[in-house]
Engineer: 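So that we are looking at the same thing, I have put the structure below in structure tokens.
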Protein chains: 2
Amino acid sequence: MTHPLLVLATHDDHLARRWHALGERWPIVRANRFDALPAGARLALIDADLPDLPPLGDPRWPRLAASLRMVFASSRPNDGEGLAAIEAGCSGYCHAFASPEQLTQVVDVVESGELWVGRTILNRLLRAVGHASKAPVAPGWAARLTEREQQVAQRAALGESNADIAAALGITERTVKSHLSAVFEKMGVADRLQLALRVHGIK
Amino acid sequence: MTHPLLVLATHDDHLARRWHALGERWPIVRANRFDALPAGARLALIDADLPDLPPLGDPRWPRLAASLRMVFASSRPNDGEGLAAIEAGCSGYCHAFASPEQLTQVVDVVESGELWVGRTILNRLLRAVGHASKAPVAPGWAARLTEREQQVAQRAALGESNADIAAALGITERTVKSHLSAVFEKMGVADRLQLALRVHGIK
DNA sequence: CGTCTCCCTGTCCTCGAGTACGATGCGCCG
DNA sequence: CGGCGCATCGTACTCGAGGACAGGGAGACG
């Protein structure tokens with residue numbers, strides 16, 4: 001199967017070298033400026049830090065989107081920027097320094113005509129329309145945990161204190177600490193905040 | 001790179017044969033019933049027409065989601081069912097008779113820990129929130145916070161310690177505490193874990 | 001029976017988080 | 001000028017979290 005030309009639009013040589021790993025899947029070409037995007041290109045990975053990048057509200061974005069599938073890559077991604085990028089007509093939004101595997105996946109999805117946003121943005125959208133995903137966003141976190149450890153971890157990740165959890169489960173605060181220590185050990189985190197971020201799919 | 005075991009859960013032999021194309025990327029195993037999903041599996045493609053499938057509101061779904069990444073495959077997909085599936089804890093929703101390439105992509109994305117929904121559902125979500133999110137470009141949670149408070153809150157919500165934040169911003173740990181106290185007060189939360197949950201849209 | 005895992009509980013101890021008092025300096029605005 | 005919001009920093013204090021030692025009981029399995 002033959003892939004279309006992929007344009008890497010960045011002013012940063014370091015970033016460009018990272019992105020060149022994509023050359024194993026797509027024929028690639030480098031662009032240094034937004035205005036210099038090749039006319040015939042169908043696929044582009046665009047650095048958010050490009051000097052001459054128009055603001056995401058600019059009408060040039062949707063115009064360009066008509067003929068070019070764009071992935072917006074930010075070095076400091078946030079949900080607001082991501083939504084703005086998608087609304088501007090980009091087909092994908094990701095971290096500029098994502099792993100080559102991740103980048104490949106994003107470009108792959110976008111090339112196939114789908115949209116790609118990270119799970120945090122997607123979950124934000126779901127919550128916005130009242131369909132919050134009750135289940136943990138990062139399935140698999142509880143794989144090696146015992147039943148009791150999962151219960152404790154779930155509550156801790158929602159902000160309950162050890163005393164709260166103890167009361168809710170009808171056990172001692174000491175036992176809660178015991179279970180949590182096991183959870184931290186198995187999941188490789190240091191405290192309940194890191195646990196929460198892991199359970200809810202952030203970081 | 002070694003892939004985890006992929007469970008194909010369907011009662012339909014014809015569908016199972018189609019899905020077996022995935023065997024080129026993942027070691028696969030067949031399951032005929034929802035109750036018969038292998039205990040150790042991490043990844044499953046689940047046919048919406050399985051005879052003993054619980055309704056998507058059933059608590060067994062989110063429980064299962066804790067240890068298993070599930071793709072819900074419907075032979076007659078619609079946006080409502082897709083949202084329900086995601087809400088139930090599934091990590092992906094797609095057409096049961098999608099092309100092998102498409103299925104591979106979906107499973108690939110889900111395996112990497114992301115969520116997958118099709119273009120139509122995503123676009124519908126965007127439209128649903130698009131009208132509301134024109135004016136408030138501000139993150140929302142940061143509306144009443146000062147610039148500095150936002151910076152501190154953002155880092156605290158990602159799990160950085162006060163000392164980390166102080167070092168990163170070139171200020172004293174005492175000042176970080178000061179800003180955080182103001183943040184807690186303005187956002188009506190008690191500690192940094194509650195702040196993190198609020199910032200990331202959980203609770 | 002011995003071993004194993006899981007669940008439960010206890011007492012210290014350390015450390016970071018958060019609050020309660022305070023303080024100084026800066027820029028803006030009526 | 002005087003008030004006000006903002007950013008900065010100091011000391012002392014309380015309190016919960018988490019680790020470092022423990023231990024006992026129930027059930028599974030060879």
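Quantities reported herein were computed from a predicted structural model and do not represent experimental measurements. Protein chains get the first letters and strands the later ones, always in sequence-line order, with residue 1 at the start of each.
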Engineer: Under the 3.5 angstrom rule, does the side chain of B:Thr104 hit a backbone N or O of B:Pro100 as a donor-acceptor pair?
Structural biologist: yes
Engineer: With distance as the sole test, does A:Glu111 use its side chain to make a donor-acceptor pair with the main-chain N or O of A:Leu43 at under 3.5 Å?
Structural biologist: no
Engineer: Excluding sequence neighbours, so at least two apart, what forms salt bridge (Lys or Arg N to Asp or Glu O under 4.0 Å) with B:Asp35?
Structural biologist: B:Arg60
Engineer: Between B:Asp52 (side chain) and B:Phe34 (backbone), is there a donor-acceptor pair under 3.5 Å?
Structural biologist: yes
Engineer: Please find the earliest and latest nucleotides of DNA chain D, in the 5' to 3' direction, that have an atom within less than 4.0 Å of any heavy atom of chain B.
Structural biologist: D:dC6 to D:dT11
Engineer: Measure NZ/A:Lys177 against P/C:dG10 and give the value in whole Å, please.
Structural biologist: 12 Å
Engineer: Compare side-chain N and O positions of B:Asn162 against OP1 and OP2 of C:dG16 and report whether any pair is under 4.0 Å apart.
Structural biologist: no
Engineer: Describe, as an angle rounded to 10 degrees, how the axis at the first end of the helix from C:dC1-D:dG30 to C:dG30-D:dC1 is tilted relative to the axis at the last end, five pairs per end.
Structural biologist: 30°
Engineer: Check salt bridge (Lys or Arg N to Asp or Glu O under 4.0 Å) between B:Arg148 and all other residues, then give those that pass, not counting sequence neighbours.
Structural biologist: none
Engineer: Does anything in residues 181-190 of chain B form a salt bridge (Lys or Arg N to Asp or Glu O under 4.0 Å)? List the pairs, not counting sequence neighbours.
Structural biologist: B:Glu149-B:Lys186
Engineer: Starting from the 5' end of DNA chain D, give me the residue, B:Glu147 or A:Leu180, whose nearest nucleotide shows up first.
Structural biologist: B:Glu147
Engineer: Please step through ring-ring contact (aromatic ring centres under 6.0 Å, His included) for the pair A:Phe72 and A:Trp116, ending with a clear verdict.
Structural biologist: CA-CA 10 Å; A:Phe72 195 86; A:Trp116 201 99; over 10 Å; no
Engineer: Which part of the nucleic acid, if any, lies within contact of A:Ser178, taking any heavy atom under 4.0 Å across all strands shown: a base, the sugar-phosphate backbone alone, or nothing?
Structural biologist: base
Engineer: Counting distance only, does the side-chain N/O of B:Tyr93 pair as donor-acceptor with the main-chain N or O of B:Ile121 below 3.5 Å?
Structural biologist: no
Engineer: Without decimals, in angstroms, what is the distance between B:Arg192 CZ and C:dG16 C1'?
Structural biologist: 9 Å
Engineer: Whole Å only: how far is the CD atom of B:Gln194 from the P atom of C:dG18?
Structural biologist: 11 Å
Engineer: For A:Lys186 and for B:Ala190, locate the closest nucleotide of DNA chain C by heavy-atom distance; then report the residue assigned to the nucleotide nearer the 5' terminus.
Structural biologist: A:Lys186
Engineer: In whole angstrom, give the distance that lies between atom CG of B:Leu195 and atom C1' of C:dA17.
Structural biologist: 13 Å
Engineer: In residues 163-176 of chain A, which residues come under 4.0 Å of DNA chain D by heavy atom?
Structural biologist: A:Glu173, A:Arg174
Engineer: Working to the nearest 0.5 angstrom, can you tell me the gap between B:Asp191 CG and B:Gln194 CD?
Structural biologist: 5.0 Å
Engineer: Has B:Arg30 got a side-chain atom pairing as donor or acceptor with B:Thr10's backbone, closer than 3.5 angstrom?
Structural biologist: yes
Engineer: May I ask you to decide whether A:Asp58 forms a salt bridge with A:Arg63, counting only side-chain N to carboxylate O separations under 4.0 Å?
Structural biologist: no
